[in-house]
2 protein chains.
Amino acid sequence: MSGFDVGGRLKQLRMQRDLSQRELAKRAGVTNSTISLIEQNSVSPSVSSLKKILDALPVTISEFFAGEEVSREQVFYRASELTEIGDGVLSWRLIGARRPNRRMSILHERYPPGADTGEDMLEHDGEEGGVIISGTIELTVNGEVQLLTAGDAYYFDSRLPHRFRNVSDSECIIVSANNPPSFSDGGDAQHHA
Amino acid sequence: MSGFDVGGRLKQLRMQRDLSQRELAKRAGVTNSTISLIEQNSVSPSVSSLKKILDALPVTISEFFAGEEVSREQVFYRASELTEIGDGVLSWRLIGARRPNRRMSILHERYPPGADTGEDMLEHDGEEGGVIISGTIELTVNGEVQLLTAGDAYYFDSRLPHRFRNVSDSECIIVSANNPPSFSDGGDAQHHA
DNA sequence: CGTCCCTGTTGAAGATCCTTGACATCATCA
DNA sequence: TGATGATGTCAAGGATCTTCAACAGGGACG
């Protein structure tokens with residue numbers, strides 16, 4: 001009924017860490033019986049119990065339930081076959097665009113001089129970070145403005161209002177990653193980034 | 001105790017969809033009282049109940065628990081202040097190393113000629129992807145071997161056995177991202193990546 | 001062999017979650 | 001005004017989860 005093997009997943013994570021049921025139970029502040037019953041899927045734990053257990057691993061609930069089936073997806077992407085998303089001014093090349101349930105978007109971005117994600121700040125769920133490969137970019141996050149150059153990097157919660165702008169007179173190249181993916185292949189793609 | 005406002009989050013999602021407690025309960029196959037008690041944080045629902053409710057929204061458990069406190073973390077990282085992880089041969093520079101609960105690791109990696117993640121393949125939870133900035137890298141994933149050069153990219157499930165090796169005579173630079181993060185600031189960092 | 005310590009499993013009792021069936025409140029409408 | 005239907009809340013009891021305590025099995029060691 002759960003559609004997800006909670007017990008198996010817990011056991012897997014516990015085993016990976018080389019913990020006994022009793023050891024994990026002690027760290028989590030529950031009893032070994034609880035762990036045993038959950039691992040056998042004899043019960044569906046309460047969120048509070050599961051949280052206690054996962055905190056002891058440590059693993060977030062979100063991570064615990066993320067992913068499942070190991071897929072036979074494409075692994076290698078030639079530069080020429082990266083999905084080009086550009087809108088004429090900016091251009092992004094998305095790695096793994098066609099993966100149905102990927103947890104990240106990785107982008108190879110090109111900001112020509114003057115490129116700008118727009119005056120009204122971007123805000124959306126998730127986190128994003130990146131590295132400046134070449135050139136210079138002006139990044140505004142939550143009101144703070146910084147000029148980043150080759151080798152510099154950033155990482156922030158995407159709910160903070162943010163904006164990318166190339167104020168220099170040369171192209172800027174960035175490799176960035178988003179989580180959860182804000183680009184999807186079709187449908188409800190949010191605007192970058 | 002939960003550290004996460006389950007009730008508030010559920011109410012938020014229900015409101016967004018313009019559903020009454022009874023309407024949502026009906027779709028989920030539980031009673032309106034259940035929804036009410038959960039939303040007030042009077043109880044910590046069982047995973048199975050929560051799953052039924054979230055399926056009716058529909059929202060995955062992972063999405064439900066993703067994100068929370070918008071933190072006042074560091075956003076901008078100068079090249080010089082990136083956490084250097086190298087072991088003498090390979091070197092990685094981790095973006096956002098000190099963020100407590102980040103969902104990704106973003107790495108600026110340098111593979112000198114001969115660098116190798118080792119003959120016994122890496123396998124761990126999560127997904128990873130990256131872009132080759134310069135040089136050449138030999139990447140093996142699940143038995144398949146490919147030579148990737150500047151502009152090429154990769155993305156795969158990290159549970160597939162994999163290995164990175166610089167078989168050329170020049171340095172290779174890669175920007176990569178992992179999810180969930182396989183590097184932590186202190187403690188049980190797994191080996192790369 | 002027996003003892004010791006570890007492992008995971010399992011009844012029965014206790015704690016918590018979930019449902020039943022009320023109740024109070026508010027808005028609509030004759 | 002009173003009737004109706006919708007909303008969210010709450011007590012009591014049944015259902016489920018969690019603990020306590022016991023149990024069986026497997027090494028290690030003498």
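Letters go in sequence order (proteins before strands), and every chain restarts at 1.
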Original post:
Counting only distance, no hydrogens or angles, is the base of D/dA21 paired donor-acceptor with the side chain of A/Ser33 under 3.5 Å?
Top reply: yes
Original post:
Do side-chain atoms of A/Asp55 reach the backbone of A/Lys52 as a donor and acceptor pair under 3.5 angstrom?
Top reply: no
Subject >> Listed partners of B/Glu138 passing side chain to side chain donor-acceptor pair (under 3.5 Å), at least two apart >> reply: B/Arg165
Original post:
Within the distance-only criterion (no hydrogens, no angle test), does the side chain of A/His162 pair as donor or acceptor with the backbone N or O of A/Leu122 below 3.5 angstrom?
Top reply: yes
**OP:** Kindly say if A/Gln21 contacts the phosphate of C/dC6, meaning a side-chain N or O under 4.0 Å from OP1 or OP2.
**Re:** no
Subject >> Length of the CG-P vector between B/Asp18 and D/dT7, whole Å >> reply: 11 Å
Subject >> Parallel, tilted or perpendicular: rings of A/Phe65 and A/Phe4 (30°, 60°) >> reply: tilted
Filtered N/O pairs between nucleotides 22-28 of chain C and protein, under 3.5 Å:
none

**OP:** Go through the N and O atoms of the side chain of A/Ser36 and the base of C/dT10, and report whether any donor-acceptor pair is under 3.5 Å.
**Re:** no
**OP:** Respond yes when some side-chain nitrogen or oxygen of B/Gln40 is under 4.0 Å from OP1 or OP2 of D/dC10, and no when none is.
**Re:** yes
Original post:
Under 30°, 30 to 60°, or over 60°: which ring-plane class applies to B/Tyr111 and B/Phe164, parallel, tilted or perpendicular?
Top reply: parallel
Subject >> salt bridge (charged side-chain N to carboxylate O under 4.0 Å, His left out) involving B/Arg163 - partner list, sequence neighbours excluded >> reply: B/Asp116
Subject >> Whole-Å distance separating the CE atom of A/Met15 from the P atom of C/dG8 >> reply: 7 Å
**OP:** Could you tell me which residues satisfy salt bridge (charged side-chain N to carboxylate O under 4.0 Å, His left out) with B/Arg27, sequence neighbours excluded, listed by chain and number?
**Re:** B/Glu23
**OP:** Take the protein atom CD of A/Glu23 and the nucleotide atom P of C/dT7, then report the distance between them rounded to whole Å.
**Re:** 8 Å
**OP:** Return the value, rounded to whole Å, for the distance between atom CD1 of A/Ile35 and atom P of C/dT10.
**Re:** 16 Å
**OP:** Could I get the full list of side-chain contact (heavy atoms from CB on, under 4.5 Å) partners for A/Ser33, not counting sequence neighbours?
**Re:** A/Thr31
Distances under 3.5 Å only, N/O to N/O: pair up the protein atoms with those of nucleotides 16-18 of chain D.
{"residue": "D/dC17", "atom": "OP1", "partner": "A/Ser44", "partner atom": "N", "Å": "2.9"}
{"residue": "D/dC17", "atom": "OP1", "partner": "A/Ser44", "partner atom": "O", "Å": "3.4"}
{"residue": "D/dT18", "atom": "OP1", "partner": "A/Ser46", "partner atom": "N", "Å": "3.1"}
{"residue": "D/dT18", "atom": "OP1", "partner": "A/Ser46", "partner atom": "OG", "Å": "3.0"}
{"residue": "D/dT18", "atom": "OP1", "partner": "A/Ser49", "partner atom": "OG", "Å": "2.3"}

Subject >> Side-chain (B/Ser44) to main-chain (A/Ser48) donor-acceptor, under 3.5 angstrom >> reply: yes
